A.B. asks: 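Next up is a structure, given as structure tokens.
Protein chains get the first letters and strands the later ones, always in sequence-line order, with residue 1 at the start of each. Bear in mind the structure is a predicted one, so any value in this text is a computation, not a measurement.
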There are 2 protein chains.
Amino acid sequence: MEDAGLERLMSLRGLRRTPQRVAVWNALAESPGQTIRELAARLQGSGIGQATVYRAVRALEDAGLLLRYAAPRGELRYAAVLGHAHLLVCEECGSVRSLEQCGLAAYEDEVARTTDYRISGHTLVVYGVCPACQEAL
Amino acid sequence: MEDAGLERLMSLRGLRRTPQRVAVWNALAESPGQTIRELAARLQGSGIGQATVYRAVRALEDAGLLLRYAAPRGELRYAAVLGHAHLLVCEECGSVRSLEQCGLAAYEDEVARTTDYRISGHTLVVYGVCPACQEAL
DNA sequence: CCGTAGATGATAAGATTTATCACGTATGGA
DNA sequence: TCCATACGTGATAAATCTTATCATCTACGG
């Protein structure tokens, strides 16, 4: 697993590498696109308290190790990432995968030029229908 | 105001143009980047019930007339839009403006080609520091 | 191997969101 | 224009979700 990268990034950001935080990240790496309460329910079986899940998600997200996005039905969902990434969400089955490629540097430059903002980053979520769901339709 | 466009789009999507929904949209057009409870508090003075605010936001968003995005601190915030737009959020003062230009068609094509997803849309939020806050720093 | 700052678990407290239901009204057709 | 009705609203209760508290535990640097 890429735990090596995770561990390095956690210490880089000053986060203690606790079993609970690793479990939260792993759960979101295996099943991206969960809500916090789904995560909490799933991890309670491992003896992890729900308050800890909330805190771990907050900490990991602040460290840039989780991506949060606004899903349909007004939900906040999360996915594990190791660096900058975009999300590709299937509107039919709800599955999520991350896109490593990021072609937005030029766009950011253009925005910076036209708005005089100092750009620090962005979040992109692309919606569509995955191949499997296209077949099923 | 662009209520003409709003009214047209509401009927196009099968939404009744009630004063409450118009008030919600107008409040988010005047002050983009509010949470639902901020909206509800603000509109309660106009005699609009909080349940109605929740319902109106949901309806307007489903109709594509509001943009929802995941703000720092785990909050869901909203901004009024009339068509497709991106958001530019200032991380210092929290102000939000919309970007009309969208240079992501080529990127969507590339994602569609490499993933075999049928792409239907995207949400982009750009973070940075606005000119006023840059001065203040 | 120790000391300590920081993390966890359990539960209580607080806040947010939804459900319910009687009443009101926007909208299409006569 | 006026009516009928399907849809929306307001008030409040109920359900959910999130955070705070505090005693205990532990990851990590020395």
Side-chain angles (χ1 to χ4, degrees), chain A residues 3-28 33-63 65-66 68-78, chain B residues 3-28 33-63 65-66 68-78:
Chain A
D3 272 18
L6 177 63
E7 180 165 357
R8 186 178 58 84
L9 286 172
M10 286 185 72
S11 64
L12 264 180
R13 317 291 164 95
L15 285 187
R16 288 193 182 173
R17 195 193 60 84
T18 67
Q20 292 87 346
R21 287 173 176 173
V22 173
V24 165
W25 192 90
N26 281 336
L28 282 171
Q34 296 180 76
T35 63
I36 293 194
R37 49 190 171 291
E38 287 169 352
L39 257 183
R42 173 175 177 172
L43 292 172
Q44 224 139 30
S46 309
I48 300 181
Q50 64 166 6
T52 296
V53 176
Y54 278 88
R55 288 181 290 221
V57 166
R58 171 79 47 100
L60 288 168
E61 199 216 334
D62 289 346
L65 297 170
L66 295 182
R68 178 184 66 225
Y69 64 99
R73 230 192 89 82
E75 297 170 324
L76 283 174
R77 294 184 171 275
Y78 296 83
Chain B
D3 273 17
L6 177 62
E7 181 165 357
R8 186 178 59 83
L9 285 172
M10 286 185 72
S11 64
L12 263 180
R13 316 293 163 95
L15 286 186
R16 287 193 183 174
R17 196 193 59 82
T18 68
Q20 292 88 346
R21 287 172 176 173
V22 173
V24 164
W25 193 89
N26 281 336
L28 282 171
Q34 297 180 75
T35 62
I36 292 195
R37 50 189 171 290
E38 286 168 354
L39 258 183
R42 174 175 177 173
L43 293 172
Q44 224 140 30
S46 310
I48 300 181
Q50 64 166 7
T52 296
V53 176
Y54 278 87
R55 289 180 290 220
V57 166
R58 170 80 47 99
L60 288 169
E61 200 218 332
D62 289 346
L65 297 169
L66 294 181
R68 178 183 65 223
Y69 62 100
R73 230 191 87 82
E75 297 171 324
L76 284 174
R77 293 185 172 274
Y78 297 83

A.B. asks: Would you check if the side chain of B:Arg21 reaches a backbone N or O of B:Arg16 as a donor-acceptor pair within less than 3.5 Å?
C.D. replies: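 Checked: pair present.
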
A.B. asks: Please work out if B:Arg58 contacts a base, only the sugar-phosphate, or nothing of the nucleic acid, heavy-atom cut-off 4.0 Å.
C.D. replies: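 Counting heavy atoms under 4.0 Å across all strands, the contact made by B:Arg58 is with sugar-phosphate only.
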
A.B. asks: Going by heavy atoms in the side chains, are B:Ile36 and B:Leu76 under 4.5 Å from each other?
C.D. replies: no

A.B. asks: Verify side chain to side chain contact (heavy atoms under 4.5 Å, CB included) between B:Leu39 and B:Val24, making sure each step is shown before the conclusion.
C.D. replies: CA-CA 7 Å; B:Leu39 258 183; B:Val24 164; 4.2 Å; yes

A.B. asks: Let me know the distance between CZ of B:Arg77 and P of C:dT16, rounded to the nearest Å.
C.D. replies: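 Value for this atom pair: 12 Å.
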
A.B. asks: Using only side-chain N and O atoms of B:Thr18, determine if any of them is under 4.0 Å from OP1 or OP2 of C:dA26.
C.D. replies: no

A.B. asks: Looking across every strand, which nucleic acid part, if any, lies under 4.0 Å from A:Arg37 by heavy atom: base, sugar-phosphate, or nothing?
C.D. replies: sugar-phosphate

A.B. asks: Looking at C:dG9, does its base get a donor-acceptor pair with the side chain of A:Arg55 below 3.5 Å?
C.D. replies: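 A donor-acceptor contact between them is present.
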
A.B. asks: Starting at CG of B:Leu60 and ending at C1' of D:dT9, how long is that distance when rounded to a whole Å?
C.D. replies: 15 Å

A.B. asks: Does B:Ala51 or B:Gln20 map to a spot on DNA chain C nearer the 5' end, using the closest nucleotide for each?
C.D. replies: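 Result of the comparison: B:Ala51.
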
A.B. asks: Looking only at side-chain N and O atoms, does B:Tyr54 come under 4.0 Å of OP1 or OP2 in C:dT17?
C.D. replies: yes

A.B. asks: Given D:dC28, C:dT18, D:dT9, identify the nucleotide with an atom nearest to the side chain of B:Thr52.
C.D. replies: D:dT9

A.B. asks: Under 4.0 angstrom, heavy atoms only, what part of the nucleic acid is A:Gly47 near: base, sugar-phosphate, or nothing?
C.D. replies: sugar-phosphate

A.B. asks: Please report, rounded to the nearest Å, how far the P atom of D:dT18 is from the CD atom of A:Glu61.
C.D. replies: 13 Å

A.B. asks: What is the distance from CG of A:Leu6 to C1' of D:dA27, rounded to the nearest Å?
C.D. replies: 15 Å

A.B. asks: For residues B:Leu15 and B:Ala63, report the shortest heavy-atom separation together with the two atoms involved.
C.D. replies: CD1-CB, 3.7 Å

A.B. asks: In whole angstrom, give the distance that lies between atom CD of B:Glu75 and atom P of D:dC17.
C.D. replies: 19 Å

A.B. asks: Between D:dC17 atom P and B:Ile36 atom CD1, what is the distance in whole Å?
C.D. replies: 16 Å

A.B. asks: Using heavy-atom distances to pick each residue's nearest nucleotide on DNA chain D, tell me which of B:Arg16 and B:Ile48 is more 5'.
C.D. replies: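 Upstream on the strand: B:Arg16.
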
A.B. asks: Could you check how far CG of B:Leu76 sits from P of C:dA15, rounded to whole Å?
C.D. replies: 19 Å

A.B. asks: Starting from P on D:dC17, measure out to CD on A:Gln34 and report it in whole angstrom.
C.D. replies: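 It is 14 Å, rounded to the nearest whole Å.
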
A.B. asks: Of B:Gly14 and B:Gln50, whose nearest nucleotide on DNA chain D comes first from the 5' end?
C.D. replies: B:Gly14

A.B. asks: Could you report the tightest heavy-atom contact between A:Tyr69 and A:Tyr78, atom names first, then the distance?
C.D. replies: CE2-N, 4.2 Å

